Asks: 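I am attaching a structure below and will ask some questions about it afterwards.
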Amino acid sequence: MTSLLAVLIDGSIYASWLFLVAAGLTVIYGVMRILNMAHGSFYAIGAYSAASLVGWYFNNGIGPAWISYLLLIGAALVAGLIVGVILERGLLRLMYGRDEILMVIITYALLLILEDTMKIVWGVNPYFAYQPYSELGRTSFGLLKVSNYDLSLVGVSAVIGLVLWGLLERTNTGKVLRAVIHDREIAVAMGVNVRLMFTITFVIGTILGALAGALTAPAISVVPGIGIEVIVLAFAVVVIGGLGSIGGAAVGALLVGLSRAAAVHYAPEFELFVIYGVMSLVLAFRPEGLFGRTLARKI
Amino acid sequence: MRFDKTEISLAAIAIACVLFGFVSPGWLIFLLTIAFAKALVVQGVVMQMRSGLVSFGQGLFYCIGGYTVGMGGQFFGIHDAIAALALGMLVAIAVAMLLGLLLTRYRDIFFAMLSLAFSMILFGILVKSPELGSTDGFNVHNWTVFGWAPEGGEGSQLTVFTLTVLAGLVIAVLIHRYTKAGIGVICEAVRENEVRVEYLGLSPRWLLYGNYVCAAAVSSLGGGLTALATGHVDPEMAYWTTSGEFIFIALLGGLGHVAAPFIAAVVFSVVRTYAIELVPHTWQMILGFTLLGVIVFLPKGLWSLVSRKKSGERA
């Protein structure tokens, strides 16, 4: 019973983390049709900004601990905004309209560049910002003790998911965005500023990526390479869900999270590849992912 | 059998390379061996790219080739390098025939991601296998060629180099013939428009399947040669960043000619070696900018520099 509960709790915590990481990737793909390999770097940039800011805050003992949570989010917002605007305006804007797979490779180049930029800015030594994590304490579920910070991540990712879904499905801007996705040329003809839409989407995506990193930073030590580790996981989640669907990403994250937790508890040797196993299984039965749309074959 | 101009020049260059091997310093031989071995893997990537599929998991077969050579010597007493390389290709072909059944249903990003997933699964298995050295991998040694054991470090280095050049030549000629043959030309038609190829009465899916299996064999040969040259294999060979490197080299060279991957692999190795030496913390950045530069300024790769000159002469 305890181990089942542990699987459920661990699974949903891991799933919410996965969803946080994958949300930005989904948004960017959904609107711009760019499968962004550099997303892991946005995650790492968020983690580094947050960890260095929070570390600085606590080292100087300036004020109450709750402010550190605002700092986490603030650091992610600012870092994501800056990086997003620079990359979209400076590079990606020039590349639109190319092959989807070529865009993957372009963002791969971006990933290589960003990885080293981070090493230049933050060095190669680890950064720690554990205070916000330990500050919240733990909750007991029977024999299990779970960190409250991890539990609150579940809430945060649920909120982010709902907000994104609401934005896309229930607001006017969302409708316009869907029009852009559906037929870019007609949208332009109807007077939609597609370029602006793309910039905004990309920046939202980078901010989401940075936010995922910033919120994870207190739970890990921030070292070079964390972005690379994350990116393939996020890809797997997004592909399982059917590229570009927020709901799909959520379901994909849950599926992966729960199966990974089950693997960790019952068959630890499978932990590393359970994610890819789930992905291969899902794609074997639904080649376009769970919520993906089948494309008509055109001559 | 008649040889065309390309094949004769390839053979001439290969002979020149082997002769060059006897007079050049060891570090250069090593660099060239690794570059040519990687170029074989890249040939596999390029074969699939020509028909429109980009494999983000070619490291899978690179790793299979390397590990088969290593394990053959370590556990099964197969010390003959040629036999081990052939075994690696057989294993890769068997795996590819199985995975290909699933993978050929996918195109574009889904193909890329699924091939990546499979190589990551192998990575996961290897990392979790203590008897294979987990993340450290293990050493490959005591190999022979037809019962002859090359003496000392330099002798074996030269032997691997010669083997790699010969393997490169054979594969290059085969691929050259394939791309010129009718079925090879259809590959590009599949990339342009699959449905039309179907209307011609051909099955793109089985064409892609054949491509996938052949590419796997060629790539595993590259992996096996790398294992012989470095004397070491580790799970990193199946990690997705390794596969990324192969795509990088493929784009750098372009799809224009069978020699392009070899040239690109040598350029890549030289750039990387010097970048790591000069700026250890920013070499990836240099690679990134190079890749962007190639995509923007040389969309058809380095080979377009050569072919552009040629077509200019004709006009």
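Reminder, nothing fancy here: chain letters follow the sequence lines and each chain counts from 1. Worth saying up front: this structure is predicted, and the values here are computed from it rather than measured.
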Asks: Tell me, for A:Leu114 versus chain B, whether the close heavy atoms (under 4.5 Å) come from the side chain, the backbone, both or neither.
Replies: neither
Asks: Please find the pair of heavy atoms, one from A:Ala109 and one from B:Gly288, that lie closest to each other, and give the distance.
Replies: CB-O, 3.5 Å
Asks: Could you check whether any side-chain heavy atom of A:Met37 comes within less than 4.5 Å of a side-chain heavy atom of B:Trp240, counting everything from C-beta outward?
Replies: yes
Asks: With a 3.5 Å distance limit and no angle check, can you tell me whether B:Arg105 reaches the backbone of A:Leu283 through a side-chain donor-acceptor pair?
Replies: no
Asks: Let me know if B:Tyr106 has heavy atoms under 4.5 Å from chain A in its side chain, its backbone, both or neither.
Replies: side chain
Asks: I'd like to know whether B:Leu292 forms a side-chain contact (heavy atoms from CB on, under 4.5 Å) with A:Ile113, so could you lay out the CA-CA distance, the side-chain angles of the two residues, the decisive distance to 0.1 Å, and finally the verdict.
Replies: CA-CA 10 Å; B:Leu292 282 182; A:Ile113 296 169; 3.8 Å; yes
Asks: Counting only heavy atoms from other residues, nucleotides and ligands, does the tally under 6.0 Å from OH of A:Tyr266 exceed 12?
Replies: yes
Asks: At a heavy-atom separation under 4.5 Å, does A:Ala236 approach chain B through its side chain, its backbone, both, or neither?
Replies: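 Interface part for A:Ala236: neither.
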Asks: By a 4.5 Å heavy-atom criterion (distance strictly below it), what part of A:Leu91 contacts chain B: side chain, backbone, both, or neither?
Replies: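 The answer is the side chain of A:Leu91.
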Asks: What distance do A:Ile106 atom CD1 and B:Leu291 atom CG have between them, rounded to the nearest 0.5 Å?
Replies: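 Between A:Ile106 CD1 and B:Leu291 CG, I get 8.5 Å after rounding to 0.5 Å.
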Asks: For B:Ile247 versus A:Ile105, what's the shortest heavy-atom pair and its separation?
Replies: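 Closest approach of B:Ile247 to A:Ile105: CG2-CD1, 3.8 Å.
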Asks: Quick one: what part of B:Phe111 sits under 4.5 Å from any heavy atom of chain A, side chain, backbone, both or neither?
Replies: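 For B:Phe111, there is no contact with chain A at all, as no heavy atom is under 4.5 Å.
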Asks: Which distance, rounded to the nearest 0.5 Å, do you find between the OH of A:Tyr108 and the CD of B:Glu245?
Replies: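 Atom-to-atom, A:Tyr108:OH and B:Glu245:CD are 7.0 Å apart.
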Asks: Between A:Val232 and B:Phe56, does the side-chain contact (heavy atoms from CB on, under 4.5 Å) criterion hold? Intermediate values first, please.
Replies: CA-CA 11 Å; A:Val232 183; B:Phe56 256 92; over 6 Å; no
Asks: Using a 6.0 Å cut-off, check whether atom CD of A:Glu185 has over 12 heavy atoms from anything other than its own residue.
Replies: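 For A:Glu185, atom CD is not crowded (no more than 12 foreign heavy atoms under 6.0 Å).
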Asks: Is the number of heavy atoms from other residues, nucleotides or ligands under 6.0 Å of A:Arg178 CZ greater than 12?
Replies: yes
Asks: If you count heavy-atom pairs under 4.5 Å with chain B, which of A:Lys119, A:Met95, A:Met279 comes out on top?
Replies: A:Met279
Asks: Below 4.5 Å from any heavy atom of chain B, which atoms of A:Val124 appear? Answer side chain, backbone, both or neither.
Replies: side chain
Asks: Answer with side chain, backbone, both or neither: which region of A:Leu111 has an atom nearer than 4.5 Å to a non-hydrogen atom of chain B?
Replies: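 It is the side chain, since no backbone atom gets that close.
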Asks: Could you tell me which portion of B:Phe123 (side chain, backbone, both or neither) has an atom closer than 4.5 angstrom to a non-hydrogen atom of chain A?
Replies: neither
Asks: Below 4.5 Å, heavy atoms only, C-beta onward: do B:Ile286 and A:Leu112 meet side chain to side chain?
Replies: no
Asks: Would you say B:Met285 and A:Thr117 make side-chain contact, with heavy atoms under 4.5 Å?
Replies: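 Touching, per the 4.5 Å side-chain cut-off.
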Asks: Name the region of B:Leu116, side chain, backbone, both or neither, that has any atom closer than 4.5 Å to a heavy atom of chain A.
Replies: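 Only the side chain of B:Leu116 comes within 4.5 Å of chain A.
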Asks: Could you state the interatomic distance from CE (B:Met113) to CD1 (A:Ile240), rounded to the nearest 0.5 Å?
Replies: 12.5 Å
Asks: Could you check whether any side-chain heavy atom of A:Ser280 comes within less than 4.5 Å of a side-chain heavy atom of B:Ile121, counting everything from C-beta outward?
Replies: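 Yes, at least one pair of side-chain atoms sits under 4.5 Å.
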Asks: Give, for atom OG1 of B:Thr241 and atom CD1 of A:Ile231, the distance between the pair rounded to the nearest 0.5 Å.
Replies: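 These two atoms lie 13.0 Å from each other.
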